[in-house]
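We use all heavy atoms of the structure for the numbers below, so side chains are in, but hydrogens, waters and symmetry mates are not. Residue numbers begin at 1 in each chain, while the letters A, B, ... track the order of the sequences.
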Amino acid sequence: MQRIIMHIDLDQFYAAVEENRKPELKDKPVAICVYSGRTEDSGAISTSNYTARKLGIRAGIPISHAKNLAEKSGQEVIFLPVDMDYYRDISERIMEILENHADILEQASIDEAYLDVTEKTKGSYNAAENMASKIKEEIREKENLTCSIGIAPNKLVAKIASDYNKPDGLTIIMPDEVEKFLSSLPLRKLHGIGPKTIEALESIEISTVAGLAECDVQKLIPLFGGNKARLLVDKARGIDYSSVEEKVSKQISRILTLKNDTNNIDDLIPVIGYLAGELKKKLEKKKASFKTISIITIDTALDMQTKGRTLENATNSTSTIREVSTMLTKEILEGSGKKFRRFGLRVSSLDYGTKKEQKSLMEFK
DNA sequence: CGACGTGTAAC
DNA sequence: CCTTTTACACGTCG
C-alpha cells in the first residue's frame, strides 16, 4: 500500500515566536541564545532569523563569535535568551492542529512533525496538497507563524522535501519523481548522514547521492557493517519503510555547564540535587518511573563519559536519583580525577504503568 | 539476552 | 574554548 507522508517544519521557530512577542524586532537580525553562565557571553546560538543568517549568525556558533560578526556588519543585532517554556506552549498548540489533520502524528522535535495522511487523503496527492494549504492557513491565523511542508511517499523524502523550499514552502514529490529529486542533492542532505559518514564514503570515492545509490552494498559492509550499509544505499535510492508512529520517550536527561570546572564531589552534590529535581518534574509530567539512572560528564577536554546503574524495581523517587548519582559520580572521580566542565543526569528504562492505571486495568478485566 | 559504555547524528 | 536533549546502533561482558 502506497502511503502519503507529510513533514512539517516551523520556519525559524524560536526567532519567529520572539518577533511575534515583540513586533519591533521585525526586519531586524535576531539571534536566540543559550547562555551557559560561565562568562558574560559564553554559550551558543540556538536559532536566528533569516536577516541574522545573512550576517553569518547561525545556529551552533558561539555567542561571542556571533557578537563579533554583528560588530563587523555594523548592524544592530538583537540577542535574546531562549524561553523554552513559552516555545513549548506554542508548539503544543500547533501539534494539536496537526493532530486533527493526520491519521497518525509523530512529533519529531519541538518544531517538526511527520503526518501519515494516507487515509484522510484517500491516497490522493491532490487532496494532500489541499490539506497542506489548510494547515498553513490555520497555523498562520492562530499563531501567526509560517511553516515549510514536504509531501512524499515516505518520511525520508518528505523530510528532504520540506527543506527544499523555505520559508513558507510546499514541495510535493510524487513516487515516480523520487529518484530524480534525490539524484541532484548533496549527500549531506540525506537524514542520518553526518560528517563521519561522509568522510568514510569519500574514502571509497563516493561523493554524490547517485553514486551511493548505485553502489554495491558489499563494498560498504567493511566500512559500516551490514545493517548500516543496507540502510545507506536504501536512503540514496529514496527507500524508507519506517512508519509514522506516536513517540513515547525512552529516556529523559538534563545536563548543564558548571560555573567552574571541578573534580570535587562537594561541588557536585548541589548540582545533583538540582538536576534530580528537574528530572522529577519531567517524570511527573509524563507520569513515568524509571529503572536506570546514569550520570553524564564532559571533562575540560570536552570528552564525554557516562556511567549508569539499573535498579531492581522501577521508581520515581528523587532521593534515589540523588543517592545513586552521587555514588556513580564518586566512582568516576576515583577512576580518572579529571575535572568536569559539564555534568548531567539521565533516567531511562522508563515505565509508564502507574499504579492507578494498573488498578483500572485490573478492574476492566 | 540484559546491562553498560561509546559513537554518530539530528534538533 | 563550544548548547541541550534524545535516539539508536554497535561492541563487549557475563
Side-chain angles (χ1 to χ4, degrees), chain A residues 7 9-10 12-14 31-48 58-67 81-82 84 87-88 91 106-114 155-156 159-160 162-163 187-201 221 223-232 235 242 245 247-258 261 275 278-279 282 286 291-312 328 331-332 335-336 339 341-350:
Chain A
H7 180 258
D9 195 331
L10 298 167
Q12 39 170 14
F13 181 49
Y14 302 171
I32 314 300
C33 311
V34 184
Y35 289 98
S36 69
R38 301 208 117 196
T39 61
E40 169 88 7
D41 280 334
S42 60
I45 304 295
S46 175
T47 319
S48 56
R58 8 167 270 280
I61 70 170
I63 296 168
S64 55
H65 184 187
K67 293 209 166 167
V82 283
M84 289 311 295
Y87 308 151
R88 206 162 282 125
S91 167
E106 175 178 331
Q107 185 171 352
S109 73
I110 193 166
D111 64 352
E112 258 182 74
Y114 292 96
K155 287 167 77 174
L156 168 80
K159 162 102 182 162
I160 302 170
S162 71
D163 185 61
L187 275 178
R188 192 65 186 74
K189 289 277 176 181
L190 293 183
H191 195 246
I193 297 193
K196 301 283 180 182
T197 311
I198 300 241
E199 202 186 304
L201 286 172
I221 292 180
L223 283 165
F224 302 102
N227 213 341
K228 190 169 180 190
R230 276 186 292 277
L231 242 62
L232 281 174
K235 264 187 187 154
S242 64
E245 8 190 274
K247 284 274 186 307
V248 280
S249 34
K250 294 171 182 165
Q251 53 172 242
I252 301 170
S253 61
R254 188 79 166 75
I255 178 167
L256 47 77
T257 303
L258 302 169
D261 300 339
L275 291 171
E278 290 288 297
L279 288 189
K282 294 196 192 191
K286 293 179 190 279
K291 267 185 84 171
T292 304
I293 169 142
S294 313
I295 64 165
I296 306 159
T297 65
I298 289 147
D299 63 29
T300 46
L302 300 181
D303 283 326
M304 172 153 54
Q305 199 178 359
T306 64
K307 190 165 184 60
R309 189 143 303 157
T310 302
L311 311 169
E312 211 45 41
L328 292 167
E331 286 171 29
I332 282 204
S336 81
K339 284 193 173 181
R341 176 189 175 87
R342 309 183 58 215
F343 185 89
L345 298 183
R346 169 169 68 216
V347 289
S348 51
S349 310
L350 298 186

Item to check | Nearest-Å distance for atom pair NE2/C1', residues A:H65 and C:dT3 | outcome: 16 Å

Next on the checklist: I want to check one thing: is the phosphate of C:dT3, taken as OP1 and OP2, less than 4.0 Å away from some side-chain N or O of A:S36?
Outcome noted: yes

Next on the checklist: Below the 4.0 Å mark, does C:dT3 have OP1 or OP2 next to a side-chain nitrogen or oxygen of A:R341?
Outcome noted: yes

Checklist entry - Atom CD of A:E245 to atom C1' of C:dC8: distance rounded to whole Å? => result 14 Å

Next on the checklist: I need the single residue from A:I252, A:I295, A:I255 that forms a side-chain contact (heavy atoms from CB on, under 4.5 Å) with A:L345. Which is it?
Outcome noted: A:I295

Next on the checklist: Rounding to an integer number of Å, can you tell me how far A:D303 CG sits from C:dC2 P?
Outcome noted: 17 Å

Checklist outcome for this item: Contact string for nucleotides 4-11 of chain B, one letter per nucleotide 5' to 3', B = base within protein heavy-atom range under 4.0 Å, S = sugar-phosphate only, - = neither, reads SSB-SSSS

Item to check | Under 3.5 Å: donor-acceptor pair, side chain of A:E245, backbone of A:K247 | outcome: no

Checklist entry - Does the distance from a Lys or Arg side-chain N to an Asp or Glu carboxylate O, for A:E40 and A:K67, drop under 4.0 Å? => result no

Checklist entry - Does A:S91 use its side chain to pair, donor to acceptor, with the backbone of A:I110 at less than 3.5 Å? => result yes

Checklist entry - Does A:R38 reach the main-chain N or O of A:L258 with its side chain, forming a donor-acceptor pair under 3.5 Å? => result yes

Checklist entry - In whole angstrom, what separates A:I221's CD1 from C:dA9's C1'? => result 16 Å

Checklist outcome for this item: The answer to which of A:S64 and A:S249 contacts DNA chain C further toward the 5' end, by nearest nucleotide, is A:S64

Checklist entry - Closest nucleotide of DNA chain C for A:I296 versus for A:F224: which of these residues is on the 5' side? => result A:I296

Checklist entry - Between atom OH in A:Y14 and atom P in C:dT4, what is the gap in whole Å? => result 13 Å

Checklist entry - Quick one: do the A:R58 and A:S48 side chains pair a donor with an acceptor below 3.5 Å? => result no

Checklist entry - Between A:R254 (CZ) and C:dT4 (P), how many Å, whole number? => result 8 Å

Checklist entry - Under 3.5 Å, is there a donor-acceptor pair between the A:S294 and A:T306 side chains? => result no

Next on the checklist: Once you apply a heavy-atom cut-off of 4.0 Å, does A:T257 come out as touching a base, just sugar-phosphate, or nothing?
Outcome noted: sugar-phosphate

Checklist entry - A:L258 has an atom CG; how far is it from atom P of C:dT4, in whole Å? => result 10 Å

Checklist entry - Separation of A:K235 atom NZ from C:dA9 atom C1', in whole Å? => result 12 Å

